[in-house]
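This report concerns only the one structure given below.
The figures that follow rest on heavy atoms only: side chains count, while hydrogens, waters and symmetry mates do not.
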Amino acid sequence: MRKKMILTGGVILLLLGIFHASDWFKWGRELSKLHPEMNALVQMLNLGIVTLLVGLGVIFILFRNEVATSRSGRALLFLVALFIAAQIVAAGILPTDGNLLITGGFTICALVFLIPALMKEK
């Protein structure tokens, strides 16, 4: 079950990376309203997030056995769960159009990574 959850998590991260990359192209008019330095900062942060999501997704898919059986792999799973949990908290604190469905989806995603991180070795 642990390896299936890690594979599922990898696919989720790839899909989130693709979503962030595709959403980037829709931001043109909104980003142009920002100061040029803020515009560049937002784009750099998004590029970093896309790279991280796709890279971790590929690692979790291709190396799920290693991730499942190593302490460093479980630590990486925990870190991704924490990253997603921070997004949930930020959505609750920062002024967004906080959709309950999105918050629920993020919660499920966090659990997809947290559960295999906390599972005991057999």
Side-chain angles (χ1 to χ4, degrees):
M1 181 168 118
R2 177 184 287 168
K3 291 176 188 173
K4 287 181 182 176
M5 289 187 82
I6 293 169
L7 176 62
T8 301
V11 171
I12 288 170
L13 290 177
L14 278 178
L15 292 174
L16 284 172
I18 291 167
F19 168 76
H20 271 275
S22 68
D23 214 33
W24 195 358
F25 297 107
K26 299 175 191 172
W27 291 356
R29 285 176 289 192
E30 294 302 316
L31 288 177
S32 65
K33 296 176 186 176
L34 296 174
H35 187 277
E37 290 170 354
M38 289 302 291
N39 181 326
L41 179 63
V42 169
Q43 292 195 50
M44 288 184 333
L45 289 171
N46 194 55
L47 180 60
I49 292 294
V50 168
T51 304
L52 180 70
L53 292 172
V54 171
L56 286 172
V58 169
I59 289 170
F60 288 146
I61 291 169
L62 296 180
F63 302 104
R64 62 186 171 275
N65 293 332
E66 291 86 347
V67 171
T69 58
S70 69
R71 287 179 63 196
S72 58
R74 287 191 302 277
L76 191 57
L77 289 167
F78 185 76
L79 180 63
V80 172
L82 185 63
F83 172 78
I84 296 170
Q87 302 304 307
I88 296 167
V89 171
I93 294 172
L94 300 174
T96 63
D97 57 357
N99 185 328
L100 188 59
L101 182 63
I102 292 173
T103 303
F106 272 127
T107 302
I108 291 168
C109 289
L111 291 172
V112 166
F113 294 99
L114 185 61
I115 290 169
L118 298 176
M119 289 175 80
K120 299 283 185 200
E121 276 299 315
K122 288 185 178 179

With Arg64 via salt bridge (charged side-chain N to carboxylate O under 4.0 Å, His left out) - residues at least two apart: none
Atom pair NE2 (His20) and CG (Leu15), whose distance is rounded to the nearest 0.5 Å: 12.0 Å
Worked check of side chain to side chain contact (heavy atoms under 4.5 Å, CB included) between Phe60 and Leu7: CA-CA 6 Å; Phe60 288 146; Leu7 176 62; over 6 Å; no
Cluster link Val54 to Phe63, ILVMFWY, side chain under 4.5 Å: yes
Given Leu114, Leu56, Ile6, the one that forms side chain to side chain contact (heavy atoms under 4.5 Å, CB included) with Leu77: Ile6
Side chain Arg2, main chain Met119, donor-acceptor under 3.5 Å: yes
Path from Leu34 to Leu47 over hydrophobic side-chain contacts below 4.5 Å: yes
Minimum heavy-atom distance between Cys109 and Ile12, given as atom pair plus value: SG-CG2, 3.7 Å
Check: Phe83 ring centre within less than 6.0 Å of Phe113 ring centre: no
Distance-minimising heavy-atom pair for Ala81 and Ala110: CB-O, 3.6 Å
Single-linkage hydrophobic cluster Ile84~Leu52, side-chain heavy atoms < 4.5 angstrom: yes
Which atom of Pro116 lies closest to which atom of Arg74, heavy atoms considered: O-CD, 4.0 Å
Closest non-hydrogen atom pair, Met5 against Val112: O-CG1, 3.4 Å
Linked, directly or transitively: Leu45 and Met38 (ILVMFWY side chains, under 4.5 Å): yes
Hphob cluster co-occupancy, Val80 + Ile88, side-chain heavy atoms under 4.5 angstrom: yes
